[in-house]
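One is the number of the first residue; the rest follow in order along the sequence.
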Amino acid sequence: MNNKKIYLDHGATTKVNSDVLKEMIPWFSENYGNPSSIYSLGRQTKDAIENSRLIVADTLNSKASEIYFTSCGTESNNWALKGICNAYKKKGKHIISTNIEHHSILHTLKYLEKQGFEVTYVPVENNGIVLVENIKKAIRKDTILITVMFANNEIGTIQPIKAIGKIAKENDILFHTDAIQAVGTIDIDVNDLQVDLLSLSAHKFYGPKGVGALFIKRGVRIDNLLHGGAQEKTRRAATENIANIVGLAKALQIANKNMDKYVKHIKKLRDLAIKLVIEEIPETLINGDMNNRLPGNINFSFRYIEGEGLLLFLDMNQIFASSGSACTSGSLDPSHVLLAIGLPHEIAHGSLRLTFGWDNNEEDVYKVVKELKEIVKRLRDMSPLYNK
C-alpha cells in the first residue's frame, strides 16, 4: 500500500498557502475591530479591506469600486444572477446559459425559472466548448443576461469568453462569467473580455475557504442579495470577514506573481499523467478539449467500471481524487457535464478527475498511474460487462 498521501483534487479546494495564513493571523486576534466602527481599531480593519479590494481590482484590471467581497463563489454566482434579474426584469425575462454550468448557476437558474424567467440552455459540443454562433442564435429581444462559465470545473474546458463578451456588448446584454476555476491559472482582464460581472473564490488558488468576490462593472444595476447593513457600499449587508478577505487578496497576489511558473508545473504533470494512463490502461477516454482546457485538469472515463469504486480504492491507497464537482460528490447520478458532451450513462459513471497543484511531482504521477492500473483491472474483472 502507498503510504504517502497524494492529493490530486485541487479543483475541489487547495490548502492555504503558508504566507497567506501568516498574513491572516493578526486579523483574528490582534486587529479585531469592526470595520463599521469609527474608532481607530475599526478604521484599521476598514483599511485592510480597502487595501485587499485594490489588490483584487489590480489583478482583474478593474476599479476598486467594482469589487465586492462575498462569503464564497456560490454566493457570488447567486448574487450575480438573482440581483441582475430582479433589477432588469422590466426590460426582459430571458437568460442565456449553457448546459455544463456549475450547480450554483444551474440551480439558481431553476429558481429564477420558477419566478417567471425563461432560460435557454445552449448545448456544448462533444469537446465541451460552446459555439459562439449558438449563443448568438439564442439571443432574443427580451434577453437581459448571458452567463457562461470561464472554465468547467469537471472537464477543464475553457470557453470563448472574449467572443461571447463582444456579442453581449453588441446586443446590449449583460454578461456574467463564473471564473472560479480560472482565476489563479489564467490571466484575466475584465475590460478586455467585456464582462459585466465575474465571480471568484479564494480556496481555489491557495486562499481560505469561506470568502469570494464579485466584480460588478460600474453602471450595472443589481439588487442586493443580503439586507441589513451598509457594508460593501450598501450592496452586501454583513460584518466583513476581515481575515479571510486579507487572505483572499494575499493568495491572489501570490498566484498572479507565480502564474507562469505554476501553469508550467501543473501542465507538465497533467501531460505526463495523460501519456502514462493512455499507454497503460486500455479503453480509456479523455473528456474535454485537449487544447482549450485548464493546465492542471484531466478527466478520464474508464469503460466497464463505476467511478465510486475507483475513488474508494484510490482512497485506501491514500490517493485523493474526484469524479467531478465537489459540490455533488454525494450524488450517485452520472455527471451532467459528461452527459452533455455525449457520453452514455454507463461510461459517464466511470469517470475520474485529476487536478494537480504545487505539492505534486512526477513521482506522484507514476505512483498514481501504477495504482490506477491495478484498481481498474480489479474493478473490470468484477464487472459482468467486461470481456476478459
Side-chain angles (χ1 to χ4, degrees), residues 24 27 31-93 95 104-105 108 111-112 115 117 144-145 147 172-180 183 190-191 195-202 207-249 252:
M24 292 172 63
W27 303 97
N31 310 325
Y32 54 84
N34 189 316
S36 297
S37 304
I38 62 171
Y39 44 73
S40 58
L41 197 63
R43 293 198 303 271
Q44 185 180 36
T45 52
K46 183 68 174 176
D47 289 345
I49 293 172
E50 297 313 314
N51 182 59
S52 298
R53 204 184 309 278
L54 282 168
I55 291 170
V56 177
D58 182 61
T59 305
L60 299 179
N61 192 29
S62 72
K63 299 180 179 67
S65 60
E66 298 173 319
I67 302 299
Y68 296 85
F69 292 112
T70 65
S71 65
C72 59
T74 292
E75 184 194 329
S76 294
N77 284 340
N78 271 257
W79 185 13
L81 271 57
K82 293 175 182 176
I84 291 299
C85 287
N86 285 331
Y88 288 86
K89 60 187 175 185
K90 290 183 179 179
K91 182 180 177 182
K93 286 196 168 186
I95 309 161
S104 61
I105 293 289
T108 303
Y111 165 83
L112 289 167
Q115 310 307 309
F117 291 87
I144 58 172
L145 176 67
T147 177
D172 192 28
I173 299 168
L174 293 174
F175 179 34
H176 164 257
T177 185
D178 167 0
I180 292 165
V183 174
V190 291
N191 293 310
V195 298
D196 297 291
L197 304 102
L198 179 146
S199 305
L200 62 88
S201 184
K209 298 172 185 64
V211 63
L214 179 65
F215 158 76
I216 307 172
K217 190 175 181 64
R218 184 178 178 181
V220 171
R221 290 185 287 115
I222 188 167
D223 277 11
N224 290 0
L225 186 65
L226 300 179
H227 302 85
Q231 294 90 349
E232 292 300 285
K233 292 158 284 185
T234 74
R235 282 188 159 176
R236 182 187 183 272
T239 301
E240 300 90 339
N241 189 336
I242 314 300
N244 276 17
I245 289 171
V246 169
L248 181 152
L252 191 55

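Here Asn31 pairs with Pro26, Trp27, Gln44 under the side-chain contact (heavy atoms from CB on, under 4.5 Å) rule; sequence neighbours left out. The side-chain hydrogen bond (donor to acceptor under 3.5 Å, both in side chains) test applied to Thr239 returns no partner, not counting sequence neighbours. Looking at residues two or more places apart in sequence or on another chain, you find a side-chain hydrogen bond (donor to acceptor under 3.5 Å, both in side chains) between Thr108 and Asn78. Considering only residues two or more places apart in sequence or on other chains, Glu75 meets the side-chain hydrogen bond (donor to acceptor under 3.5 Å, both in side chains) condition with Ser71, Arg236. Scored by the side-chain hydrogen bond (donor to acceptor under 3.5 Å, both in side chains) test, Ser76 finds Thr70 as partners (sequence neighbours excluded). By the side-chain contact (heavy atoms from CB on, under 4.5 Å) test, Ala249 pairs with Ser52, Ile55, sequence neighbours left out.
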Under 3.5 Å, which donor-acceptor pairs link side chains of residues 85-92 to any protein atom two or more places apart or in another chain?
residue	atom	partner	partner atom	Å
Asn86	ND2	Lys82	O	3.2
Tyr88	OH	Arg221	N	2.9
Lys91	NZ	Asp172	O	3.2
Lys91	NZ	Asp172	OD2	3.3

Could you give the side-chain donor-acceptor pairs of residues 60-67 under 3.5 Å, partners two or more places apart or in another chain?
residue	atom	partner	partner atom	Å
Asn61	ND2	Asp189	OD1	3.1
Asn61	ND2	Asp189	OD2	2.9
Glu66	OE1	Lys63	N	2.8
Glu66	OE2	Arg218	N	2.9

Test side chain to side chain contact (heavy atoms under 4.5 Å, CB included) applied to Lys93 and Ile144, step by step: CA-CA 7 Å; Lys93 286 196 168 186; Ile144 58 172; 5.9 Å; no
Audit row: Ile180, Asn77, side chain to side chain contact (heavy atoms under 4.5 Å, CB included) steps and yes/no: CA-CA 10 Å; Ile180 292 165; Asn77 284 340; 3.8 Å; yes
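What you find for Leu248 and Pro208 is that their closest heavy atoms are N-CD, 4.0 Å. Counting all heavy atoms, side chain and backbone alike, Ala237 lies closest to Gln231 at CA-OE1, 3.6 Å.
The shortest side-chain heavy-atom distance between Leu81 and Ile95 does not fall under the 4.5 Å cut-off. Two residues are said to be in side-chain contact when any heavy atoms from C-beta on lie closer than 4.5 Å; Ile49 and Ile242 meet this criterion. Side chains of Asp196 and His176 form no contact here, defined as non-hydrogen atoms less than 4.5 Å apart. Looking at heavy atoms from C-beta onward, Lys217 lies out of side-chain contact with Leu198 at the 4.5 angstrom threshold. Side-chain atoms of Glu240 and Glu232, non-hydrogen and from C-beta on, do get closer than 4.5 Å to each other.
The salt bridge (Lys or Arg N to Asp or Glu O under 4.0 Å) pairs that include a residue from residues 33-50 are Lys46-Glu50, Glu50-Arg53, where partners are two or more places apart or lie in different chains. Screening residues 45-79 for ring pair (Phe, Tyr, Trp, His ring centres under 6.0 Å), with sequence neighbours left out, gives Tyr68-Trp79.
One distance of note links CZ of Phe175 with OG1 of Thr147; it measures 7.5 Å at 0.5 Å rounding. The CD1 atom of Ile216 lies 4.0 Å from the CD1 atom of Ile222; values are rounded to the nearest 0.5 Å. Here the CG atom belonging to Leu197 is positioned 12.0 Å from the CG atom belonging to Asp178, to the nearest 0.5 angstrom.
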